[in-house]
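In what follows, chains carry the letters A, B, and so on, assigned in the order in which the sequence lines appear, proteins first and then strands, with residues in each chain numbered from 1.
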Protein chains: 4
Amino acid sequence: MAHIDLNSDLGESLGQWRMGDDDTMLSIVTSANVACGFHAGDPAGILRTLKAAADNGVAIGAHVAYPDLVGFGRRAMDIASEDLRADVIYQIGALQGLARAAGTRVSYVKPHGALYNTIARDERQARAVIEAMLAVDPSLVLMTLAGTPLTGWAREAGLNTAAEAFADRAYESDGSLVSRREPDAMLHDAEVVAERMLRLVREGVVESREGIDITVAADSICVHGDSPDAVALAQAVRSRLVAAGIELRAFVDGIA
Amino acid sequence: MAHIDLNSDLGESLGQWRMGDDDTMLSIVTSANVACGFHAGDPAGILRTLKAAADNGVAIGAHVAYPDLVGFGRRAMDIASEDLRADVIYQIGALQGLARAAGTRVSYVKPHGALYNTIARDERQARAVIEAMLAVDPSLVLMTLAGTPLTGWAREAGLNTAAEAFADRAYESDGSLVSRREPDAMLHDAEVVAERMLRLVREGVVESREGIDITVAADSICVHGDSPDAVALAQAVRSRLVAAGIELRAFVDGIA
Amino acid sequence: MAHIDLNSDLGESLGQWRMGDDDTMLSIVTSANVACGFHAGDPAGILRTLKAAADNGVAIGAHVAYPDLVGFGRRAMDIASEDLRADVIYQIGALQGLARAAGTRVSYVKPHGALYNTIARDERQARAVIEAMLAVDPSLVLMTLAGTPLTGWAREAGLNTAAEAFADRAYESDGSLVSRREPDAMLHDAEVVAERMLRLVREGVVESREGIDITVAADSICVHGDSPDAVALAQAVRSRLVAAGIELRAFVDGIA
Amino acid sequence: MAHIDLNSDLGESLGQWRMGDDDTMLSIVTSANVACGFHAGDPAGILRTLKAAADNGVAIGAHVAYPDLVGFGRRAMDIASEDLRADVIYQIGALQGLARAAGTRVSYVKPHGALYNTIARDERQARAVIEAMLAVDPSLVLMTLAGTPLTGWAREAGLNTAAEAFADRAYESDGSLVSRREPDAMLHDAEVVAERMLRLVREGVVESREGIDITVAADSICVHGDSPDAVALAQAVRSRLVAAGIELRAFVDGIA
């Protein structure tokens with residue numbers, strides 16, 4: 001039976017500041033990228049999200065980031081390799097501790113925001129993240145954007161990787177994402193998106209914005225939950241896949 | 001053969017700011033209370049200290065604290081139990097991750113500064129710290145000030161505890177420490193201190209400032225390394241104990 | 001003509017995290033207590049709120065707080081006087097700079113959260129805040145809870161003070177607020193609250209929860225904007241006062 | 001009579017962490033670039049430095065930086081213009097508040113670390129800093145590295161600028177600094193450095209590392225105080241200049 005994973009960024013509240021609807025999203029997704037306190041998330045809030053994820057049988061990834069609360073980890077930063085390596089170990093370890101307290105465990109790592117974009121192509125910073133994962137737990141899987149150099153560097157170093165596609169993003173014909181600076185970068189029609197993702201799972205293709213079918217090998221589909229519209233879109237993707245007989249399960253279940 | 005543990009607070013530098021002489025202290029002590037980033041310590045600096053501790057065979061404790069860099073964790077804080085519990089789990093987990101990367105592990109927890117003083121007697125906050133340790137790793141030992149209610153609460157909850165004495169502090173006749181606000185709270189004469197600590201190990205007593213011998217059951221002696229004088233005093237204690245045939249070894253070696 | 005000031009806490013978003021509806025509240029209130037970055041508020045967000053306040057002719061107060069983002073400044077903290085004094089000067093100065101850039105100025109200081117509660121009765125910390133205000137600008141007015149010792153300390157030291165009442169809080173017969181821990185501490189019925197505030201302005205009394213009329217001398221009424229219900233209540237208070245011919249104007253307009 | 005300004009980075013301690021010897025440096029320099037809390041400096045420590053600067057008649061500059069304590073402001077950061085502009089206003093305002101409390105005032109702005117290097121050539125970030133200065137106080141002088149595009153952008157926008165030379169750095173023949181990555185970037189011989197600076201003041205030239213005399217128009221000479229050797233070098237520069245009859249005075253005294 002065909003299967004796929006749905007992942008989303010969760011645990012991004014901070015003290016009195018709420019972000020996203022973690023409880024609803026945890027009934028939709030099969031993998032949760034949980035903030036580790038550097039771009040978002042305070043320990044008590046992270047722990048609540050981890051407990052809810054454990055209750056829902058959702059797999060846990062460490063959503064590691066640059067140290068940047070005010071910029072929400074979206075500012076590229078020229079950080080020394082030694083610092084980045086230790087920052088990533090620290091964040092993974094902190095999340096592992098909270099996960100143990102919540103009765104679950106950290107299975108994978110998904111870099112966040114500017115770190116995600118930077119290490120897709122910057123080998124120096126990529127190697128710092130890879131070394132951090134190897135140092136703290138070599139069985140951790142690195143979630144990457146399909147088709148970027150990072151995947152190769154991680155595999156050479158001995159890490160398992162998983163590739164993700166983005167439900168709400170348009171693709172260029174070369175397989176890259178349409179830049180957010182362009183007006184048609186984001187897809188908003190839930191039915192269109194759901195149908196695209198069904199085709200991705202069944203046929204391994206998405207249509208680019210120029211109308212060309214392109215191959216995208218994805219182990220997981222990223223959906224968002226930071227607005228009511230985003231939650232509705234995520235729910236639509238899930239419903240369409242389930243209705244078509246696709247099994248939704250955490251990608252790490254196929255690896256471990 | 002008689003034996004004792006020497007512990008000290010390490011890993012307290014922060015980025016460009018240096019504090020203490022960790023390399024020298026790691027040749028003196030048998031247990032290192034390592035900062036976890038809340039009152040001091042950045043991940044890269046903590047990792048360097050952990051590697052040096054591993055090279056020296058020194059046991060590692062998580063020196064958990066209130067979130068307070070500018071106040072160095074010395075400001076008492078009326079923090080909610082849920083927040084404190086999660087903050088302590090987060091710090092222990094982060095240090096465990098860095099310790100794995102350094103080839104060592106976290107064996108015990110020593111609360112820092114205002115948290116140390118508060119939970120010695122404040123049951124609500126004490127229980128939050130105890131629950132945090134049980135949730136992340138029930139085999140962790142809690143290091144406490146000898147003779148405080150905290151010890152009882154921790155043992156009832158199922159934790160192992162270790163009691164510490166302070167090499168450079170004067171004692172009241174009731175076994176408590178002379179308040180730092182009093183002029184004769186601190187002892188500065190290295191030879192006097194070394195002789196006191198030898199007597200503590202051999203006879204289980206220290207002389208109070210009123211000249212009365214009091215019983216102090218200590219599993220560990222705390223020495224400091226934040227000034228050249230402090231390092232010299234720590235070295236004097238070690239040398240005197242070794243010369244007298246006392247074995248220096250981590251207190252956790254006797255528990256595990 | 002009778003007049004009164006309405007004040008509210010604003011500028012409390014942080015980067016990507018939104019809090020409150022500042023634009024709507026700035027059409028309701030006449031004084032804005034603006035966060036200074038220690039419990040809430042990033043500089044760019046604070047500046048946007050200050051510009052909107054300037055556009056609406058709303059007076060600006062520095063909503064100074066303990067350094068505590070995760071706890072939102074609601075954790076009592078045993079901070080040294082020298083540190084607190086400098087922290088308050090720093091926050092006032094930062095807000096003054098942003099206010100100049102927004103074409104307005106800081107007229108008063110309202111301590112936030114745990115600092116507000118602590119200095120109402122703790123003379124040591126109160127004096128640190130008073131000295132900070134005198135050092136940076138002695139013409140700043142201190143907004144206090146009516147009837148607390150702080151008012152006397154501030155006036156003796158040469159500061160002008162303004163007393164505030166709380167629209168959505170029940171009062172004890174001795175004039176103090178009913179503790180938030182009690183079930184009937186908060187008032188939710190907008191019409192009842194609006195009528196209470198009209199009576200406060202006209203007669204200088206509010207009815208305590210035991211049904212006794214008590215005298216409350218208030219220069220300003222605090223309303224909240226952190227939920228749609230809170231905004232509606234604030235709007236109801238304003239509308240009732242305006243309908244009754246009460247002039248709404250910043251309390252500082254009567255002082256300067 | 002020939003004259004020159006000596007400037008140095010001060011106020012860079014943080015809570016319990018000491019950095020530099022501000023008291024000694026304030027007897028050497030005529031202008032102090034004082035940290036504003038984003039890369040270094042807590043309010044109480046900054047205030048102490050400002051009071052000592054006021055006592056010594058030393059001019060004050062705001063040493064504004066990226067928000068980055070652990071990286072000491074040395075990490076280049078891709079920050080949005082709106083955020084950078086507000087961050088700079090916030091820092092200048094905070095320092096102005098503390099300066100008033102210390103009986104002095106902020107006369108100029110010297111960006112720190114990665115921000116200094118970035119805005120020397122990055123027009124977008126440079127304009128954000130320039131706009132910030134214009135918004136908070138257009139009479140503030142911007143201190144820049146001699147010969148960089150920033151100087152032109154600032155002057156076009158209506159700011160006064162001052163150019164600085166570096167006492168302890170080698171120069172390329174094109175007037176740029178030898179990169180710190182090269183072995184001979186730093187000059188260590190106090191007598192050589194003192195003689196170079198005397199020639200700079202008298203003749204407006206320094207010798208490049210290839211032995212060519214190059215023109216450097218400097219309003220100020222930057223000296224460092226972060227090590228005993230650095231302090232000795234700064235003292236040597238001052239003594240040599242004074243012995244040669246050069247007047248040491250703050251560059252802002254010639255502008256205001």
A:Leu47 versus chain B, heavy atoms under 4.5 Å apart: side chain, backbone, both or neither?
side chain
Give the member of B:Gly45, B:Ala99, B:Ala102, B:Gly93 that has the highest number of heavy-atom pairs under 4.5 Å with chain A.
B:Gly93
Contacts of A:Ala165 that satisfy side chain to side chain contact (heavy atoms under 4.5 Å, CB included) - sequence neighbours left out:
A:Tyr171, A:Leu200, A:Val216, A:Ala218
Give the member of A:Ala80, A:Ala132, A:Cys36 that has the highest number of heavy-atom pairs under 4.5 Å with chain B.
A:Cys36
What closest approach, in Å, do B:Ala86 and A:Leu98 show between heavy atoms, and which atom pair accounts for it?
O-CD2, 3.8 Å
Please identify, among A:Pro43, A:Gly97, A:Gly103, A:Ala44, the residue contributing the most non-hydrogen atom pairs under 4.5 Å to chain B.
A:Pro43
List the atom of A:Ile89, the atom of B:Ala101, and the distance in Å for their closest heavy-atom pair.
CD1-CB, 3.6 Å
I'd like a table of all donor-acceptor pairs linking chain A to chain B (distance under 3.5 Å, no angle check), giving the atom names and the distance to one decimal.
from     : atom 1 : to       : atom 2 : distance (Å)
A:Cys36  : O      : B:Tyr90  : OH     : 2.6
A:Arg48  : NH1    : B:Glu82  : OE2    : 2.5
A:Glu82  : OE2    : B:Arg48  : NH1    : 2.4
A:Tyr90  : OH     : B:Cys36  : O      : 2.6
A:Gln96  : OE1    : B:Arg100 : NH2    : 2.4
A:Arg100 : NE     : B:Val136 : O      : 3.2
A:Arg100 : NH2    : B:Gln96  : OE1    : 2.4
A:Val136 : O      : B:Arg100 : NE     : 3.2

